[in-house]
Structure formats: structure tokens, C-alpha cells
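This report concerns only the one structure given below.
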2 protein chains.
Amino acid sequence: MNERNLKDLLYQEFARIGKSLSSPKRLEILDILSQGPKSVDALAKSTDMSVANVSQHLKTLFNSRLVKFKKEGNFVIYELADEVISDFLITFHALAEKQLIQVQQIKEEFLNEQLGLEGITLSELIPRMEKGEVLLLDVRPKEEFAEAHIPGAISIPIEELGDTLSSLQVNCDVVAYCRGPYCLMSADAVKILKANGIKAFRMEQGVKEWLQFAK
Amino acid sequence: MNERNLKDLLYQEFARIGKSLSSPKRLEILDILSQGPKSVDALAKSTDMSVANVSQHLKTLFNSRLVKFKKEGNFVIYELADEVISDFLITFHALAEKQLIQVQQIKEEFLNEQLGLEGITLSELIPRMEKGEVLLLDVRPKEEFAEAHIPGAISIPIEELGDTLSSLQVNCDVVAYCRGPYCLMSADAVKILKANGIKAFRMEQGVKEWLQFAK
DNA sequence: AAACTATTCAATTAATTTATTGAATAGTTG
DNA sequence: CAACTATTCAATAAATTAATTGAATAGTTT
């Protein structure tokens, strides 16, 4: 083995991680898994893919050690292989956003022009929460809230929001958050809240971003 | 545009960065560029590829905004588009090494079994340098040394090491470093030094790792 | 301007990757 | 044990990507 062979071998191994990050659908799967463990079936529903296809992507991710799984009943539950991967994904997104201005544009056009939503950031949120000026709403599924959530938030999954609304006493502004910048459940929530006369804002950041912020 | 379309578009943009990181040769190019600007021709020589092929890879990297270029005479000089990219590459390597134990194995087998070299780390080096116990040798090409180097190091490019050796007065241990963990110029240097009866060690880390370490 | 250099472009071929489908497997429930 | 579920496997077709080659471009030197 000479130096060139060694380099080829090493970079080939590195590229295996890169390959895993080269498919849009796999990146979406990784993002969803950064919220907590999910079954293949649940992932297929979230990503609008066939189960067989998701299974194939998961196999790729498993081969590059980005995810691991455990069997529960006849479900196979996948999760990120290590918590550094969730940190890495945030770094990756930050880099990608910085480089690809188009990403910013796509996102903002959709949110602003099509939905006309006002946003709020983590650093604006915290002082307002401490003063009791806002109610923080976690609209992700119950399991994801149970897995981890921003302290002080209350959990109302987006599907239940419409029904729960009447029984909910709100006398301040509401801030909704969900899985993070590329999830739009919080945008849907704000639409529902506004339609019911509640002053509501969308927060881009999710639990993972909060954890990094709090460090 | 509905939510699914938006997600597909966003993840497609993210995947462009991933795609750039999915080819071993492109990763090698990025690593070399993290040492400083290089011409297409120089990159072709370093990576053992045809110029046309390197040009194609550079085009891909340029399209995902990872590199930029300027024209100088009839050379086109490429460099990393932003310094966050060099930070990102270190994070990426760290993740890859952690996940793919094989990478560690490949590297260590080659270095230990085939060369029988002793290594030293940055944190071991610094106190010893302060005490004046070691001479730090940068064996990269002169331009890369000029671009950036570890303070206190002296520059002797690997090609010149054999000739310079006799005129060099050495009365302490020598530590050689080069581009980083996946570059083997420092290993070659240690071999030459040892062959001339000088006690020499290889340091894995390069300038970029030192900058992160010094932060 | 002619000869020369470095780089890019375009066309081809080979190789790899993706999504789709239907069948196979393994575990669970009635 | 039969019916059912979730998941994986295997085979295929479509799409994408990589390396190679030779020609085209743009700038430099004589």
C-alpha cells in the first residue's frame, strides 16, 4: 500500500458520510429523527415516501453509522446513532444556508408572501416568557414533546389544536414552535390561532436549536 | 406551492452541499484547498487526477458555493469560498472518524505497522516547545507556510529536507507537521530525519487544527 | 502573429443511485 | 394456526454521476 492508495481509501470512507447527505429524502429523514426515535412506517408518512423506499434510505444511513435501530414488537424503531449527529446536522444546515442564499429565499418567500406570518427568534422569546407576556406552544406530536421540549412550553399537537382552542384560556400573545426551521407545523398553528382572533407568532427554532442556544 | 413542494425544494438545495461531499476526490480537493489557494494544475498534481477531471469537480464545488476562484495570468486560482467551510470540514472529519472506526484503523495500520512512527499531539507539543525542548518543522510547500503556519515553526519543504539536513544544526528533538491527519508528508519527513540519526516525531494536526485548538 | 500554456467544454462510455413493484420474512393478534 | 401488520429483500427501469478523450478558448511569451 502506497500513499496514494491510503489516501484513496481514507477519502472513500469519508465520502460514505457525504453520500448519505447527498439525497434530499435522506436529509429529511435525518431531520425528523433529530426530534426522536420513529418507526419506518411513521417516517414514510412524514416524508410522503413508500415504506420500501424509506427502508432503503435507512439502510444507507445505517451503513454509514448515522442511524441505529431497535426492534419493538413488529416495529423497527430508528434513531440517530449518536447525539453529535444532531449537532452536526445543525452545523450542516447553517453552512448550507449561508452558502445557498436560495434556501433562504425559498423559505422566506413561502412564509412571508404566501402566509404573511410574523416571526420571533429564540433570543426575543426568552425575556418575553420570563415576563409572562407570552404563552409558548409546542405543536409537535405528543411523543416528540415527551422526548424533549423547551421549558415552559405546553403541548398541543397540531391535529388537536382546532378542538382544544375553545377550552384554552388565552389572555396573552401565543408563540408556536415545531421541529425547526424547515418544518411548517408551527406555521399552520399560527394560521389556526389567527383565524380564531388570537395574536400569534411563529418561532423558527425548535428544541435542538434551543439546546445549542442554551449551552 | 404546498408544504410538500416547499420541503422538497429546501432539501434539494441542502442535498447540493451533500452531493459535493459525496465524492472522495472532491473531499481531497477541499482538504488541499483548506491549506490555501491553488491552481487547477497544482490540484491535479496533488490528487493524481487529469486536469479536465479536476476542472469538472471544481465546477461542481463552485456550483454549491464551496469554492471560489480568481484569474491570475493564465492560471485560475481556486480557494475555499469562506472560512467557515474549513471549520466545517474539520467537524465533518471528526464526525466521520467517530462513526467510521475503519477510518481510524486504515490510518493507524498504515502509520504504525508500515512506518513504525511515534506520534505527538498538539497539547503535548505546546509545553515542550515553550521549554525549548523541541524544534517544530513545517514540511509543506513554501507557499502554504507563507499562507499560515504554527508560530515558532520553521519551514523546510519535504523536497528540500534531504539537502538542507547537513546545514541544519539540531541538538534537540524534532517534530514534523504537514497538512493534517490525512497528509503524509510529515511521515516522510520523520523517516528522512530518523535515517540521519535525528530523534523525530510526527504530529498529526496541521495549521487548521491548531487554529481551532488555539481558539 | 505564432507558439505555447492552462483551463474549460462537449461527447462518450461505464458505473452508481433512485424509485417502484411485488414477493418474502418475522412478529402479533384473534 | 390463520389472518394481519410492519418491515425488508430482490429485480427492474429511469436517472444521475464519474472518468476519459479530444477539441476549443483565453491568456502569455517570443
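So that the names make sense, note that chain A is the first sequence line, chain B the second, and so on, each numbered from 1.
The side chain of A:Val76 lies closest to D:dT7, out of C:dT8, C:dT18, D:dT7. Side chain of B:Ser50, nearest nucleotide from C:dG22, D:dT21, C:dT7: D:dT21. Checking D:dA19, C:dA19, C:dT7 against every side-chain atom of A:Gln56, the shortest atom distance belongs to C:dA19. Listed candidates were C:dT7, D:dA18, C:dC9. Nearest to the side chain of B:Lys59 is C:dC9. Side-chain proximity of B:Ala52 to the nucleotides C:dC9, D:dA18, D:dT8 is greatest for C:dC9. When the nucleotides D:dA6, C:dA6, C:dA19 are ranked by their closest atom to the side chain of A:Lys25, C:dA19 comes out on top.
Within 4.0 Å of B:Thr60, counting heavy atoms only, lies no atom of the nucleic acid at all. As judged by a 4.0 angstrom heavy-atom cut-off over every strand, B:Phe62 is placed among residues making no nucleic acid contact. If you check every strand for non-hydrogen atoms under 4.0 Å, B:Ser22 touches nothing. Here A:Val51 lies in heavy-atom contact (under 4.0 Å) with a base.
Side-chain N/O atoms of B:His57 include none lying less than 4.0 angstrom from OP1 or OP2 on D:dT17. Look at B:Asn53 and you'll find a side-chain N or O under 4.0 angstrom from OP1 or OP2 of D:dA19. Within the 4.0 Å cut-off from OP1 or OP2 of D:dT8, at least one side-chain nitrogen or oxygen of A:Tyr78 is found.
Rounding to whole angstrom units, CD of residue A:Gln12 and P of C:dA15 are separated by 15 Å. At whole-Å resolution of the value, CG in B:Asn74 and P in D:dT30 are 12 Å apart. Look at CZ on B:Phe69: it is 14 Å from P on D:dA26, rounded to the nearest Å. What separates OH of B:Tyr11 from P of C:dT18 is a distance of 17 Å, to the nearest Å. The nearest whole Å value for the distance from the NZ atom in A:Lys71 to the P atom in D:dT7 is 11 Å. For the pair A:Lys45 NZ and D:dT5 C1', the computed distance is 11 Å after rounding to whole Å. Put simply, CG on A:Asn63 is 15 Å from C1' on C:dT16, counting in whole angstrom units. One atom, CE of A:Met49, and another, P of D:dT8, lie 13 Å apart when rounded to the nearest Å.
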Below 3.5 Å, can you tabulate the donor-acceptor pairs from side chains in residues 184-192 of chain A to any protein atom, sequence neighbours excluded?
unit_1, atom_1, unit_2, atom_2, d
A:Ser186, OG, A:Arg202, NE, 3.0

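Along DNA chain C, the nucleotide nearest to B:Leu58 and the one nearest to A:Gly73 differ in position, and the one closer to the 5' end is contacted by B:Leu58. Between A:Glu72 and A:Lys19, it is A:Lys19 whose nearest contact on DNA chain C lies nearer the 5' terminus.
Here the two rings, on A:Phe88 and B:Phe88, have centers that are under 6.0 Å apart.
We find that B:Asp87 and B:Lys208 are not joined by a salt bridge, their nearest charged nitrogen and carboxylate oxygen being 4.0 Å or further apart. Taking 4.0 Å as the cut-off between side-chain N and carboxylate O, B:Glu144 and B:Lys38 count as a salt-bridged pair.
Minimum interatomic distance between B:His149 and B:Phe145 (heavy atoms only, all atoms of both residues): ND1-O, 3.0 Å.
In this structure, B:His93 and A:Phe14 have parallel ring planes: the angle between them is below the 30° cut-off, well short of the 60° mark.
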